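Chain letters run A, B, ... following the sequence lines, proteins first and then strands; every chain starts at 1. Being a predicted model, the structure only gives us computed values, none of them experimental. Computed over heavy atoms, backbone and side chain alike; hydrogens, waters and symmetry mates excluded.
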Amino acid sequence: MVKSLSVTPYLSRYSSFPTVGIWNSSIREAVNQGHSRKALLLFRQMKQNGSEPDNFTFPIVAKACCKLSDPKLSLVFHTHVVKSPFGSHVFVQTALVDMYVKHGQLVDAYNLFERMPVRDVASWNAMLVGFAQSGCLGRVLCLFHQMRFAAVQPDSVTCVGLIQACLHAKNLKMVKAIHSYGIRTGMDADVSVANTWIGAYSKCGDLDLAKVIFDGIDLDVRTVVSWNSMIAGFANFEKFLDALSYYKSMLHGGLRPDTSTILSLLSSCVQYEFLFQGTLIHSHGIQLGCVSDISVVNTLISMYSKCGDIVSARLLFDGMSHRTCVSWTAIISGYSKKGDLDETLGLLHAMGAAGEKPDLVTMLSLISGCTQAGALELGKWINSYALSNGLRDNIIICNALIDMYAKCGSMNDARDLFYIMPEKTVVSWTTMISGCALNGEFKEALDLFHTMLERGLKPNHITFLAVLQACTHAGLLEKGMECFAMMTNVYNIAPGLDHYSCVADLLGRRGMIIEALKLVQIMPMKPDTGIWSALLAACKIHRNREIGEYVSRHLFELDPQVAVLYVEMANIYASDGKWDGVAAIRRMMKCNKVKKLPGQSVIQVNGKPHVFTVEDRGHPEGLLLYSMLDNLILQLKEEGYLHLPERTSEHELG
DNA sequence: TTAGGGTTAG
């Protein structure tokens, strides 16, 4: 039955005896207002009225079908088109190609495209965008060449499609090549093309270039999408303050932010120190009417839990009338990061009871929670859960599980999983190398690194960091220096501060303090407290008071509130018999109001966390623990390990 | 043309 009443508003203002043109305008109006079902009803009514659809009608109806994404409906529509005398018209066939592309039916789209007797720029674009969105860069480039061979002039849509394909392939070089092609052909004047470039460069990590393009768009031409693309770029790299500053400029310029702006901004707000600003954005979202959008609520839950305000996150979650898998994951992730495994598991069960199944991201949040809490048993349970739910075939899940096993000290489980993985990525190898380094399996770490290279995998900056850490902990100076040189010479990876820290630590531990200091002085970035601390520790081990004083001056300047630094320097003076130096440090600590908070270790036994500090006698089984420790030290000495560090090596201070 | 929950290091 045709509900004629529901479609009359679109027709009544034109005529009671509509022509094909009037039918087309009415259908177009319904589609543009988002009323796709009404558009289809109008189309049906048009045919029942005896009006024959023309080459303009079909593309509009195809657009309605696209929005409804119902393959059955599309098939019915296709049969209508075939029967029509306009079925072979280029507009109509292009609309069909586009419809199949939007439904993800690329084979059907391409079959139709290949049989088209005439193709215009829109037909080529529809197919090209289809391949681009599926990440087939090779096919996109091939189609682009064929298009130019067929003497069809590419336009801004072609350009956007090409950029999307390069983004899928994460090919920054190709993005730049297409950018220069776009400039040569004058397509950069189109704001939507410029917006795509901003998005492309920021996704590839080149935020400076994104800024250059953004600045190049005239103020009165910039759209909300231009601003959103820039803000999303900062959000991708968790640069909240930059994102916020652009948001403020956007407001100053009189533009009204939309849901996308709020979502990006919220997703970049991930630190406790920004919680207040996050709350302000939340209220902006309410003013703008965005919080009725479920995605915004999900992101708010995530924002509050990442900023450490799990209570607000839970309030929002509990107040939701409808929850998706993303909502459950956001709150589970919050509790899991907090280390609250009881609540995490409770929510996982509640999720199942509510009829939602955990997906890949939910599983990753759960595994990462176990890793942080050191909950090996629960981690194993999640492993079997993933296995029985068909999620254990996923490389990312396996990588997270390997990391969990390694960080919980269960290297055999990590190995078992690593070796049965049918396919491994650089992340898998890096996780395993890093796990070996963490657990003192230095030879295995280096063997894995070489096997990885032999298999033709390209290590990244994190792989090198893991390898350098293995070398540092094992004291393998030559090997470490070899890998450090390999980074730049073979793999063209510029070492970061962390890599320099590792090498400085490696040199310092071996007593090459002058060489370590020289490295710190010549490196291209400003040394941080970490690298100076490594040098200070080396000065302490090798009793180098002179360089120790120089290093500590830098450290005091950078952060005068770090207690360890005073302790280390006092130890250097004490070991040199310079008691006036020790006294001076004590005075500095008092003057700067520094208090030494002891470091803590946490271990879970039978699901219960136990917290320890240095020389902690407060544990209920403290006496037993220390007698066991003394026993172990005695046994080690008997085995020939004579140079054990003293348990109370720290100089009494504070 | 822009957007939500997440794996390797730190």
Side-chain angles (χ1 to χ4, degrees), chain A residues 129 156-157 159-161 163-164 167 190-200 202-203 210 217 222-233 235-236 257-268 290 293-303 305-306 313 317 323-334 336-337 356 358-369 371 394-404 406-407 424-435 437-438 459-469 496-499 501-502 528 530:
Chain A
V129 167
S156 60
V157 181
C159 202
V160 169
I163 302 167
Q164 280 177 343
L167 267 185
D190 187 315
V191 70
S192 63
V193 175
N195 291 343
T196 313
W197 275 326
I198 295 172
S202 53
K203 275 179 196 141
I217 311 174
R222 278 180 204 159
T223 61
V224 176
V225 177
S226 322
W227 288 94
N228 287 355
S229 306
M230 238 9 255
I231 293 170
N236 280 337
D258 61 9
T259 307
S260 174
T261 329
I262 297 295
L263 272 175
S264 294
L265 202 53
L266 286 174
S267 69
S268 69
C290 295
D293 189 311
I294 193 166
S295 302
V296 177
V297 184
N298 292 342
T299 315
L300 277 167
I301 294 171
S302 170
M303 184 274 287
S305 56
K306 278 178 183 161
F317 177 81
R323 303 181 183 106
T324 63
C325 175
V326 177
S327 328
W328 286 98
T329 306
I331 194 74
I332 285 176
S333 172
S336 143
K337 279 208 168 64
E356 281 291 344
D359 69 355
L360 181 120
V361 183
T362 326
M363 295 309 291
L364 285 174
S365 297
L366 289 166
I367 300 166
S368 133
T371 312
N394 186 285
I395 299 180
I396 302 175
I397 294 271
C398 284
N399 294 345
L401 282 169
I402 292 171
D403 184 51
M404 184 270 297
K407 293 219 173 96
K424 299 175 185 75
T425 63
V426 181
V427 178
S428 327
W429 288 90
T430 305
T431 310
M432 198 60 198
I433 294 170
S434 165
L438 188 74
N460 63 23
H461 62 290
I462 304 170
T463 321
F464 275 107
L465 196 59
V467 173
L468 285 172
Q469 275 166 349
L497 189 57
D498 297 331
H499 302 96
S501 286
C502 256
D528 69 344

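- When rounded to the nearest whole Å, the span between CG of A/Asn394 and P of B/dT8 equals 14 Å.
- Counting distance only, with no hydrogens placed and no angle test, the side-chain atoms of A/Ser260 and the base atoms of B/dT2 include a donor-acceptor pair under 3.5 Å.
- In this structure, A/Ile332 atom CD1 and B/dG4 atom C1' are separated by 16 Å, rounded to whole Å.
- For A/Lys306, the listed nucleotide lying nearest its side chain is B/dG5; candidates were B/dG5, B/dG4, B/dA3.
- In this structure, the CE atom of A/Met303 is 13 Å from the C1' atom of B/dG4, given to the nearest Å.
- Between the CZ atom of A/Arg222 and the C1' atom of B/dT1 there is a distance of 16 Å, given to the nearest Å.
- No contact: A/Leu266 has no heavy atom under 4.0 Å from any strand.
- OP1 or OP2 of B/dA3 has at least one side-chain nitrogen or oxygen of A/Lys203 nearer than 4.0 Å.
- Contact annotation for A/Thr430: base contact, defined as any heavy-atom pair under 4.0 Å involving a base atom.
- Residue contacts for A/Lys337: at a heavy-atom cut-off of 4.0 Å it reaches the sugar-phosphate backbone alone, with no base atom in range.
- At a cut-off of 3.5 angstrom, the base of B/dG4 holds no donor-acceptor pair with the side chain of A/Thr299.
- Contact annotation: A/Thr196 does not reach the phosphate of B/dT2 (side-chain N/O to OP1 or OP2, under 4.0 Å).
- A/Ser192 and A/Asn195 form no side-chain donor-acceptor contact under 3.5 Å, judged by distance and modelled atom types alone.
- Judged by distance alone, the side chain of A/Ser336 and the main-chain N or O of A/Gly369 form a donor-acceptor pair under 3.5 Å.
- Here A/Thr431 lies in heavy-atom contact (under 4.0 Å) with sugar-phosphate atoms only.
- For A/Ser267, whose side chain is taken as the heavy atoms from C-beta onward, the closest listed nucleotide among B/dA3, B/dT7, B/dG5 is B/dG5.
- Among the atoms of the strands shown, none is found under 4.0 Å from any heavy atom of A/Cys398.
- With distances taken from any side-chain atom of A/Leu465 to the nucleotides B/dG6, B/dA9, B/dT2, the minimum falls on B/dA9.
- Of the candidates A/Ser295, A/Cys290, A/Ser268, A/Ser295 is the only one forming a side-chain contact (heavy atoms from CB on, under 4.5 Å) with A/Leu263.
- A donor-acceptor distance shorter than 3.5 angstrom exists from the side chain of A/His499 to the backbone of A/His461, with no hydrogens or angles considered.
- Taking every side-chain heavy atom of A/Val361 into account, B/dG6 is the closest of B/dG6, B/dT7, B/dG4.
- Among the heavy atoms of the strands, none lies under 4.0 Å from A/Asp190.
- For A/His461, taking side-chain heavy atoms from C-beta onward, the closest of the listed nucleotides B/dG5, B/dA9, B/dG4 is B/dA9.
- The distance from atom CG of A/Leu265 to atom C1' of B/dT2 is 14 Å, rounded to the nearest whole Å.
- Using a 4.0 Å cut-off, some side-chain N or O of A/Ser434 falls inside it from OP1 or OP2 of B/dA9.
- Among the atoms of the strands shown, base atoms are found under 4.0 Å from some heavy atom of A/Ile462.
- A/Asp258 has its CG atom 14 Å from the C1' atom of B/dG4, to the nearest Å.
- Candidate nucleotides B/dG5, B/dT2, B/dA3 were compared by shortest atom distance to the side chain of A/Cys325, and B/dG5 ranks first.
- Taking only distance into account, the side chain of A/Asp359 meets the base of B/dG5 through a donor-acceptor pair shorter than 3.5 Å.
- Side chain of A/Ser305 to main chain of A/Ser302: a donor-acceptor pair is present (N/O by atom type, distance under 3.5 Å, no hydrogens or angles).
- No contact: A/Thr223 has no heavy atom under 4.0 Å from any strand.
- Residue contacts shown for A/Asp403 are limited to sugar-phosphate atoms, with no base heavy atom under 4.0 Å away.
- Within the 4.0 Å cut-off from OP1 or OP2 of B/dT7, not a single side-chain nitrogen or oxygen of A/Lys407 is found.
- Between the CD1 atom of A/Ile231 and the P atom of B/dT2 there is a distance of 15 Å, given to the nearest Å.
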- Message: A/Thr371 vs A/Ser368, test: side chain to side chain donor-acceptor pair (under 3.5 Å). Steps then yes/no.
- Response: CA-CA 5 Å; A/Thr371 312; A/Ser368 133; 5.8 Å; no
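- A/Met432 places its CE atom 16 Å from the C1' atom of B/dT7, with the value rounded to the nearest Å.
- Within the 4.0 Å cut-off from OP1 or OP2 of B/dG6, at least one side-chain nitrogen or oxygen of A/Ser333 is found.
- Side chain of A/Arg222 to main chain of A/Ile217: a donor-acceptor pair is present (N/O by atom type, distance under 3.5 Å, no hydrogens or angles).
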